[in-house]
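Chain identifiers are assigned alphabetically (A, B, ...) following the order of the sequence lines, protein sequences preceding nucleic acid strands; residue numbering begins at 1 within each chain.
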Protein chains: 2
Amino acid sequence: MKKDKHGCDLQSCMLCTLCIPAWKPALAAHRQHLTFKKGELLFREGEPVNGIYFVNAGKVKVHKHWGEGKELIVRFAKDGDIVGHRGVGSEMVYPVSATALEAVNICFIDMTFFQATLKVNHDFLQALMMFYATELQESEKNMRNLVHMPVKGRIAHALLNLQRKFGVNEEGYINMTLSRQDIASYTGTTYETAFRIMSDLIQEHIIIISGKSIAVKDPARLARLELEAG
Amino acid sequence: MKKDKHGCDLQSCMLCTLCIPAWKPALAAHRQHLTFKKGELLFREGEPVNGIYFVNAGKVKVHKHWGEGKELIVRFAKDGDIVGHRGVGSEMVYPVSATALEAVNICFIDMTFFQATLKVNHDFLQALMMFYATELQESEKNMRNLVHMPVKGRIAHALLNLQRKFGVNEEGYINMTLSRQDIASYTGTTYETAFRIMSDLIQEHIIIISGKSIAVKDPARLARLELEAG
DNA sequence: CGGCGTTTTGAAACTCATCAACAAGTGTGG
DNA sequence: CCACACTTGTTGATGAGTTTCAAAACGCCG
């Protein structure tokens, strides 16, 4: 983690864009520009909450762990997204960890200033509430999927999700490279199972893998896998 | 569903208690007192959102369905709780259904007034945001549990949750009667499996069932079942 | 008493996790 | 540049945990 004096990009950070003019100087004083290397931890589950992270560049995974080695990836974040907001609430410890998936560029706001802003900045509060509401819907949809969908359906769903969120490059590959382990953690299964299912999908010509990149060749068939059980 | 002219109890409804004085008359004009019988649907997943429900009395289950007959109970609500807030967000359709588990007493606020209040009432907005944040944490904890805990642990967790949320009567029975089907839907398993696990718990003298009521006799052992795998 | 829904139990089928072993890359230091 | 350790990818065999199907036992009400 490296600090420097730059403020964050006004385009991509919700707090900056919604900051009321009178507070801009205070915001500038309180925000820190942090950088994290691939694999570095932004914060760890169980740690006391010290602030909120706005992603300016790079990708982050947000995960909850369980026992030794097991984890569940709850969400991915990219530029423009917020991370660490899950610490808001009754207990002041992060309920999740966040790890940089590549070099990451963060605008960090300490908790005190964040709380103060919430009390004063109505637009920001409202945007944040909407954001929470959407995340809650998303979370509960995923919950149902984890319970009722077989692994193949969950992986199909995950791939379509990733494609929607991160987009594709000129050749149709998803703009996101994930280890199989991360795919497994995201779909709530094991490394081996995730691997086998992905192999199946390749055999069936539904997806193509080149190096670490994945391309969805037959989105219709993937979508069918999602619905098969419901 | 029956309507009458009573406003809702000021003690138990968040919107009423946080309503700014100047808005009280408008609130009185816009709120409706509704009653639902056991088994009645407050609203159905997929329907357009028409407002928010504040529970004054009775218990409600909030559930998402999947295919024919399968459902996942996402949450229970009792007096003082909000239902229907999951409709707030991008799409204006309820992402869940809500069903009365017993005779229920509701203070209903139509969406237009609710939205207007959000724009003006900072305290309410803030309370609501906190509520969402807490729900999100809860949801993601449950998500991890559904993935990584065996059914027995999930049922243990569910029972402890219910006991904490609804309390117990003088004889130690949880103030909440659920069908086995609902327990199954809440823990993401089937009727038969839920039944078998509950039988085990009775055999092991961890819980007692009398009629439709459940009492936790050995909370320590239940808690251990939760943690066993993590 | 006979029907009907819920509870209870048994057994088979299946999905998926686990374990184990090995191959194929990836990086590191000599 | 090669040898080494180390991570990541690959595959098969096995078993535990759950779902599913089916059927018997039970309670309840007309």
How many whole angstroms separate atom [atom1] of [X] from atom [atom2] of [N]?
X	N	atom1	atom2	result
A:Phe195	C:dA23	CZ	C1'	11 Å
B:Ile214	C:dT7	CD1	P	12 Å
A:His148	C:dT15	NE2	C1'	16 Å
A:Asp200	C:dC16	CG	P	11 Å
B:Leu178	C:dT6	CG	C1'	16 Å
B:Gln181	C:dT6	CD	C1'	11 Å
A:Ile202	D:dT10	CD1	P	8 Å
A:Gln203	D:dT10	CD	C1'	13 Å

Query raised in the report: Between B:Phe108 and B:Phe54, does the ring centre distance come in under 6.0 Å?
Result: no
Query raised in the report: Quick one: do B:Lys64 and A:Glu140 make a salt bridge, cutoff under 4.0 Å?
Result: no
Query raised in the report: Taking 4.0 angstrom as the limit, do B:Glu102 and B:Lys59 come out as a salt bridge?
Result: yes
Query raised in the report: Should the heavy atoms of other residues, nucleotides or ligands under 6.0 Å from NZ of A:Lys141 be counted, would the total exceed 12?
Result: no
Query raised in the report: Going by atom types only, do A:Asp218 and A:His205 share a side-chain donor-acceptor pair under 3.5 Å?
Result: no
Query raised in the report: For every nucleotide of nucleotides 17-22 of chain C, 5' to 3': is a protein heavy atom under 4.0 Å from its base (B), only from its sugar-phosphate (S), or from neither (-)?
Result: SBB---
Report summary line: In short, A:His148 meets B:Lys70 closest at the heavy-atom pair ND1-CD, 3.7 Å
Query raised in the report: Does B:Tyr191 make a side-chain N or O approach to OP1 or OP2 of C:dT7 shorter than 4.0 Å?
Result: yes
